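Below: one structure, written as structure tokens.
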Protein chains: 2
Amino acid sequence: MVTIKDIAKKSGVSVGTVSNVINNLKSVKTKNREKVLEVIDSLDYKPNKIAASLSKKKTMNVGLIVPDVSSPFYSDLIKGISETLEINDYNIFLCASNNNLQKEEKVINDLLSMWIDGIILIPVYSKKRNLQFLETIEIPIILVNREIEGIKKDIVIFDNFGGAYEATDFLIKNNHKIIPILGGPELSKSFEERFQGWKEAMEENSLYENSLVFRGDFSVESGHKMMLEALNRIRSIDAVFASSDLIALGALSAIDEYKLKVPDDISVMGFGDIYLSKFLKPSLTTIRRPFYNIGKTAVSLLLDRISGNMQKKITKFIIKGKLEIRDSVKVSIDN
Amino acid sequence: MVTIKDIAKKSGVSVGTVSNVINNLKSVKTKNREKVLEVIDSLDYKPNKIAASLSKKKTMNVGLIVPDVSSPFYSDLIKGISETLEINDYNIFLCASNNNLQKEEKVINDLLSMWIDGIILIPVYSKKRNLQFLETIEIPIILVNREIEGIKKDIVIFDNFGGAYEATDFLIKNNHKIIPILGGPELSKSFEERFQGWKEAMEENSLYENSLVFRGDFSVESGHKMMLEALNRIRSIDAVFASSDLIALGALSAIDEYKLKVPDDISVMGFGDIYLSKFLKPSLTTIRRPFYNIGKTAVSLLLDRISGNMQKKITKFIIKGKLEIRDSVKVSIDN
DNA sequence: GTGAAAGCGCTAACAC
DNA sequence: GTGTTAGCGCTTTCAC
């Protein structure tokens, strides 16, 4: 292994000077700089960041904790985060919490002992959380996508309420009246917000009824099951608001089994815009979540915190979605 | 910040003893161990891995380089890698090469200066590569999914040839005769292998013809375009072998535009088994790539290399795919 | 079993 | 501008 000492010796300068060259600090005499650079090149020297970190007490690494590394939902989020961090010369430690609170806590602790400069956390969703724990962490930590009640940390979230309201309103404006919701679990805050958005739009038009609410989880299977139930229980469904694209997918196949046509017989509104939604037959009308931007915003926030030039007050970014009008919702001409 | 010194002082022992407690080394007197553990707990001390790494010359970190962090293709691979590494107490540096050779080289260099213990690399695909560069790296490096000609490194790849052969053979066995291939780019080795697999199966049955070959890239749009071309040029297509699921997706919509039915009029065979393939209408018959296992295998190899107890000879794992029979291929009864 | 101390590779403060 | 050196927090060797 070649170290800064070797470079210093062979260049005929001191380690301090070599360090200055490497870090572009101070003005090193051109002659020396060139000599040092030449030696570095000839010995294929790579500065040891571990040692530099220990000395500087700064690692230029940040930890990213996601509930599931393989989830297609987070891929764009991860991309936004990773690209933005990279531009700023930070590296990422990728960790998975596997949707498990204990694991999440373990992972955070692991990260802390690696002296990372900050954490971006997509929290595990759960009603009861050990708030204390997060509050004591000294380094900056940004929450993404899922809110934790009572935690005083910066956060970037998606506007679930507004998106669901817009989606439902769009259905209503296009002459749909009986619009059940195929919901996610009640303890999920993001679903709860989507539910509220749907409910508000429905109530404003005196369309709300308790019997229109179906509960399940975010999966395709659950969507399938809820849709069958809805078709069973409700006579003339105009449209269905699926609170996730996967649920919509399940709904689509259930409707297909009933020999009904989308959107002619029933319109289907998704939520989330996963990668393949536009390739489905019919392509899915849905609410796009700008995950890349959410990631980017989270990183900006984090870097501001790391640099320290930011007010103490915590910040909350609520990123709006966008309605993607495709083929699964019947649009009325007089709209 | 609380350090090992603080613990030592407060526990009334030396730093050496504290270190021994932390690392479960030697036998520390039970009394002392308990005292130290108690103090560690009370001060919420977290050992600094950076410092430990510098001292031990081992970081327990490995670098993972993927062409695109947001690609759904790699998500299961990343999961297999991350879960297997985690079990072994390693952490991951996630880096993206953005399908760019220069970027890939930069990222590798960045990783090297972080003193990681090894690298798992999904290489950028390209015909001309700077082999020299990879060969000089001192730490273990495992190639995954894409081969680089002439590089003497351990590698874990998917059996593209075998998978394509099996897929095509399945079509033929089910009475399909005119089976064009919707191909990827010629410079992609993995596609080239799929092409060869298709070709071999076709030739063995005297079904091969040059005019059955269509070239594009791996995208949905390309699949759509190639399929339209095929429908235009070839009279009675029995089935189509799409060399990726995305291509199959594009083909499906092109066939739909032609008012033809899958699988009644034309069968469609995909390749790759992406997440949503089984939710399409009709669900896609395809070759599943066991990415999770590929990732797991790569990690095993890497850890063996890191531990040093492995022969010098390089290893090449070729992981077989699995035919997923679903609805897009018409199965003959007499099969 | 335990303590003292050298040293991992680098940075930064200070003297010149 | 440059060299010297203390020190970052930890591990490990070697006395005791």
Side-chain angles (χ1 to χ4, degrees), chain A residues 1-37 39-40 43-61 89 109-117 138-139, chain B residues 1-37 39-40 43-61 89 109-117 138-139:
Chain A
M1 150 164 304
V2 24
T3 74
I4 203 171
K5 264 191 188 163
D6 303 322
I7 305 298
K9 199 179 294 171
K10 196 158 175 208
S11 314
V13 297
S14 72
V15 290
T17 301
V18 175
S19 176
N20 286 335
V21 170
I22 293 168
N23 296 292
N24 274 314
L25 289 183
K26 294 185 185 170
S27 45
V28 178
K29 238 199 308 191
T30 320
K31 196 117 196 173
N32 282 335
R33 155 165 284 124
E34 280 170 357
K35 179 64 185 168
V36 168
L37 255 17
V39 173
I40 284 179
L43 295 187
D44 195 27
Y45 165 71
K46 305 210 194 305
N48 182 331
K49 279 201 186 171
I50 297 282
S53 297
L54 186 61
S55 186
K56 283 202 269 211
K57 295 183 166 235
K58 189 154 197 302
T59 58
M60 298 302 281
N61 295 152
D89 286 326
N109 274 320
D110 287 352
L111 283 174
L112 290 179
S113 56
M114 319 207 61
W115 252 18
I116 47 167
D117 297 340
E138 286 169 11
I139 60 171
Chain B
M1 152 164 302
V2 25
T3 74
I4 202 172
K5 261 190 189 164
D6 303 322
I7 305 297
K9 199 178 294 169
K10 196 158 177 209
S11 314
V13 298
S14 72
V15 291
T17 301
V18 175
S19 175
N20 286 335
V21 170
I22 293 168
N23 296 292
N24 275 314
L25 290 182
K26 294 184 186 169
S27 46
V28 179
K29 236 198 308 189
T30 320
K31 194 117 195 170
N32 282 335
R33 154 164 286 126
E34 279 170 357
K35 178 65 184 165
V36 167
L37 254 16
V39 173
I40 284 180
L43 295 187
D44 195 28
Y45 164 71
K46 304 209 195 306
N48 182 331
K49 279 202 187 170
I50 298 283
S53 297
L54 186 60
S55 188
K56 284 203 264 211
K57 295 185 167 234
K58 190 153 195 303
T59 58
M60 298 301 280
N61 295 152
D89 286 327
N109 273 320
D110 286 352
L111 282 175
L112 290 179
S113 54
M114 318 207 62
W115 252 20
I116 46 167
D117 297 340
E138 287 169 10
I139 60 172

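Computed from a predicted model, the values in this text were never measured in an experiment. Naming convention: chains lettered A, B, ... in sequence-line order (proteins, then strands); numbering from 1 in each chain. Just so it is clear, the values below take in all heavy atoms, side chains as well, and ignore hydrogens, waters and symmetry mates.
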Among [options], which nucleotide sits nearest the side chain of [X]?
X        : options                   : result
Val13(B) : dG3(C), dT12(D), dG3(D)   : dG3(C)
Lys56(B) : dT2(C), dG9(D), dT12(D)   : dT12(D)
Val15(B) : dT4(D), dA5(C), dC10(C)   : dA5(C)
Asn48(A) : dT12(D), dG9(C), dG9(D)   : dG9(C)
Asn23(B) : dT11(D), dC10(C), dC10(D) : dT11(D)
Lys57(B) : dC10(D), dG9(C), dT5(D)   : dG9(C)
Ala51(A) : dT2(C), dC10(D), dG9(C)   : dG9(C)

Checking the side chain of Ser55(A) only, and the main-chain atoms of Ala51(A) only, is there a donor and an acceptor separated by less than 3.5 Å?
no

Would you mind reading off the distance between [X] atom [atom1] and [N] atom [atom2], rounded to a whole angstrom?
X         : N       : atom1 : atom2 : answer
Lys46(B)  : dC10(D) : NZ    : P     : 13 Å
Leu54(B)  : dT11(D) : CG    : C1'   : 10 Å
Ile22(B)  : dC10(D) : CD1   : P     : 7 Å
Met114(B) : dC10(C) : CE    : C1'   : 14 Å
Trp115(B) : dT11(D) : CH2   : P     : 14 Å
Met1(B)   : dC10(D) : CE    : C1'   : 12 Å
Lys5(A)   : dG3(D)  : NZ    : P     : 15 Å
Ile7(A)   : dG3(D)  : CD1   : C1'   : 17 Å

Close side-chain approach of Asn61(B) to Trp115(B), heavy-atom, < 4.5 Å:
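With C-beta onward as the side chain, the pair stays apart.
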
Classify the side chain of Ser55(A) and the base of dG9(C) as holding, or not holding, a donor-acceptor pair under 3.5 Å.
no

Suppose we call a contact any N or O donor and acceptor under 3.5 Å apart; does that hold for the side chain of Thr17(A) and the base of dG1(D)?
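Answer is no: no donor-acceptor pair is held.
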
Between Arg33(B) and Asn20(B), which heavy-atom pair has the shortest distance, and what is it?
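What the structure gives for the nearest pair is NH2-O, 4.3 Å.
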
For Ile7(B) and Ser11(B), the nearest pair of non-hydrogen atoms, with its separation, is O-OG, 2.5 Å

How is Ser19(B) classified with respect to the nucleic acid when contacts are heavy atoms under 4.0 Å: base, sugar-phosphate, or nothing?
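Base contact.
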
Tell me what Ser27(B) touches on the nucleic acid: a base, only sugar-phosphate, or nothing, going by heavy atoms under 4.0 Å.
sugar-phosphate

side-chain N/O Lys58(B) vs dC8(C) OP1/OP2, d < 4.0 Å:
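Answer is no, no contact under 4.0 Å.
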
Respond yes when some side-chain nitrogen or oxygen of Ser14(B) is under 4.0 Å from OP1 or OP2 of dT2(C), and no when none is.
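No, Ser14(B) has no side-chain N/O under 4.0 Å of OP1/OP2 on dT2(C).
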
Has Lys29(B) got more than 12 heavy atoms of other residues, nucleotides or ligands less than 6.0 Å from its NZ?
no

If you count every heavy atom of other residues, nucleotides or ligands that lies below 6.0 Å from Lys9(B) atom NZ, does the total exceed 12?
no

Nearest-nucleotide check on DNA chain C, Gly16(B) vs Ala52(A); residue mapping nearer the 5' end is Gly16(B)

